[in-house]
Amino acid sequence: MALASDPYWHKLVHYQRRNLGPRRSSAASPGFLLAERGRRDPAAELEATLRAFFEPHVPGTEHPQCRFIARRAWLDGRLHLDPSRLPRPPCPEFDEWYRTIDADRVTLVFASAYLNNPASMYGHTLLRIDQPGGASADQLVSYAINHAATTDERNGIVFAARGIFGGYLGHFSLLPYYDKVNEYSDLENRDLWEYELALTREETARLLMHAWELRETGFRYYFFLQNCSYRLLELLELARPGLEWTDRFHFWAIPTDTVRRLLETEGVLRAVRYRPGAATELEYHIGQLAPGERSMALAVALGDQPVEDAARSLDAAAAARVLEVAYEYLHYLRLAGAAQEPTTASRLHALLVARSRLPVASGLDEPPTPDVRPDEGHAS
């Protein structure tokens, strides 16, 4: 069957050939493959898919056409399926999921390296699905597609060994983007680079349809190669057929290299935005304070000086700067586990109340965008 040898079909079922070994699907969850020989036989999987699509719809269950909606769309485009012979069943779960996401644009997000966790020492990538319109602040309520290994291992040696040799399963997940900003920017103090991609509505729809198919599918996770960034490139290859972004990665796929590989394609990048991490913002704001303001912000944050002293001894703009930096620093200590509760919570509240009583801008500037983006640095 000619369709079974189509490269796009191989991508839909994640067939890969590594080195000189046989071609097989990298999906490790049995529910993703319908044929008994589907892992190694694209033709058998295609035949099983078509048979499943002709099964009668049972109310209250998810029909295979809905479970594998990207396969259904591709086959329809290639075979021009007759709706009288193959009726399209209702897919209420997918339809509601797709409406909720309300996709308009796709942004690739790169989180800078986090050396406190060896698993994140090379950075991390995820995809943000942006809704129509909206300012940058509104993007926090967008959804993000993330791929990560599922593990609760506490032993570092075991974690490293299993992570390197595929001992964990990686899964795709869809979650609010603000959760990832909180994790990476606030908790881990990582800077974020947001690369808005020039995908069409049709390409974005293809990406989401396959993401729906992968929502319960596990893949063997290999830290150096088949990792978060590699899997996202696979997903983007399905959005824009004909591109081979993963073909250069044979031994390792470092996140910065996958971003660089993606952006080599002419016309794929629409815009870039820099989102500084909490530590970057704090350091830059501290640098804008006068020496006396800096000392007072530290004393107020640590509780060595009453919050009210800033408003009494400084002009309104200076007091606003001191209170804002004191709040940022105390919040930073709290997230790092270096501040004691419940006194920290009450002091943070007092800082916010005092700042709200000053109807002036602090004048603190935001950190500038670095001159060199991660993808513009030296090769790995």
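The shown structure was predicted, so the numbers you read here are calculated from the model rather than taken from an experiment. Side-chain atoms are counted along with the backbone in the values below, which use heavy atoms only and exclude waters and symmetry mates.
- Comment: E62 engages R215 in a salt bridge, judged by a side-chain N to carboxylate O separation of less than 4.0 angstrom.
- Listed by first then second residue, pairs satisfying ring pair (Phe, Tyr, Trp, His ring centres under 6.0 Å) with a partner in residues 256-303 read W193-Y274, not counting sequence neighbours.
- Panel note: side chain Q65, backbone P87; a donor-acceptor pair is recorded below 3.5 Å.
- Going from atom CD1 of I69 over to atom CG of D76 covers 11.0 Å, rounded to the nearest 0.5 Å.
- Residues E196 and Q139 have side chains that never bring a donor and an acceptor to within less than 3.5 angstrom of each other.
- Judged purely by atom type and a 3.5 angstrom limit, Q131 has no side-chain atom pairing as donor or acceptor with the backbone of S142.
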Check residues 261-269 and write down every donor-acceptor pair under 3.5 Å in which the side-chain atom is one partner and the other belongs to a residue at least two apart or another chain.
residue, atom, partner, partner atom, Å
R261, NE, W245, O, 3.4
R261, NH1, E264, OE1, 3.4
R261, NH2, E244, O, 2.6
R261, NH2, D247, OD1, 2.8
E264, OE1, R248, NH1, 3.1
E264, OE1, R248, NH2, 3.4
E264, OE2, R248, NH1, 3.4
T265, OG1, W245, NE1, 2.7

Can you give the donor-acceptor pairs under 3.5 Å from side chains of residues 330-338 to other protein atoms, not counting sequence neighbours?
residue, atom, partner, partner atom, Å
R334, NE, E341, OE2, 2.4
R334, NH2, E341, OE2, 3.1

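- Contact check on D95 versus R99 returns no salt bridge, with no Lys/Arg side-chain nitrogen under 4.0 Å from an Asp/Glu carboxylate oxygen.
- Relative orientation of the H14 and H210 rings is parallel, given thresholds of 30° and 60° on the angle between their planes.
- The shortest distance between side-chain heavy atoms of F251 and L225 does not fall below 4.5 Å.
- The two residues Y230 and N227 have their closest heavy-atom pair at N-OD1, 3.1 Å.
- For the ring pair (Phe, Tyr, Trp, His ring centres under 6.0 Å) condition, no pair includes a residue of residues 38-59, sequence neighbours left out.
- Atom OH of Y177 is separated from atom CG of L126 by 6.5 Å, given to the nearest 0.5 angstrom.
- The 12-atom threshold is not exceeded at CZ of R24, counting heavy atoms of other residues, nucleotides or ligands nearer than 6.0 Å.
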Evaluate T107 against R273 for side chain to side chain contact (heavy atoms under 4.5 Å, CB included), listing each step before the verdict.
CA-CA 10 Å; T107 296; R273 182 179 182 275; over 6 Å; no
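- Within the 4.5 Å cutoff, the side chain of L208 has heavy atoms near those of the I145 side chain.
- No side-chain donor from either of S112 and D191 sits under 3.5 Å from a side-chain acceptor of the other.
- Of the possible donor and acceptor atoms, none in the side chain of R190 sits under 3.5 Å from a partner among the backbone N and O of S185.
- The salt bridge (charged side-chain N to carboxylate O under 4.0 Å, His left out) test applied to E36 returns no partner, not counting sequence neighbours.
- For P374 against Y195, the heavy-atom pair with the smallest separation is CD-OH, 3.5 Å.
- Looking at E324 and R355, a side-chain N of the basic residue comes within less than 4.0 Å of a carboxylate O on the acidic one, giving a salt bridge.
- The cationic atom of R71 (NZ for Lys, CZ for Arg) does not lie both less than 6.0 Å from the six-membered ring centre of W74 and within 45° of the ring axis.
- With a 4.5 Å cut-off on side-chain heavy atoms, N146 and F172 do not count as touching.
- Side-chain contact check for Q226 and R231: at least one donor-acceptor pair (N or O, by modelled atom type) lies under 3.5 Å.
- G123 and P255 get closest at one heavy-atom pair: O-CG, 3.5 Å.
- Although no hydrogens or angles enter the test, the distance criterion places no donor-acceptor pair under 3.5 Å between the side chain of E45 and the main chain of V13.
- A donor-acceptor pair is defined here as one N or O able to donate and one able to accept, closer than 3.5 Å; no such pair exists between the side chain of E96 and the backbone of E93.
- Checked for salt-bridge contact, R321 and E293 meet the test: a charged N lies under 4.0 Å from a carboxylate O.
- Around atom CZ of R270, more than 12 heavy atoms belonging to other residues, nucleotides or ligands sit under 6.0 Å away.
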Result block: side-chain N/O donor-acceptor pairs under 3.5 angstrom for residues 298-309, not counting sequence neighbours:
residue, atom, partner, partner atom, Å
Q305, NE2, D309, OD2, 3.4
D309, OD1, R312, NH2, 2.5

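- A donor-acceptor contact closer than 3.5 angstrom is absent between the side chains of S29 and E216.
- Taking a cutoff of 4.0 Å between a charged side-chain nitrogen and a carboxylate oxygen, E194 and R275 qualify as a salt bridge.
- Of all heavy-atom pairs between A310 and A319, the closest is O-CB, 3.5 Å.
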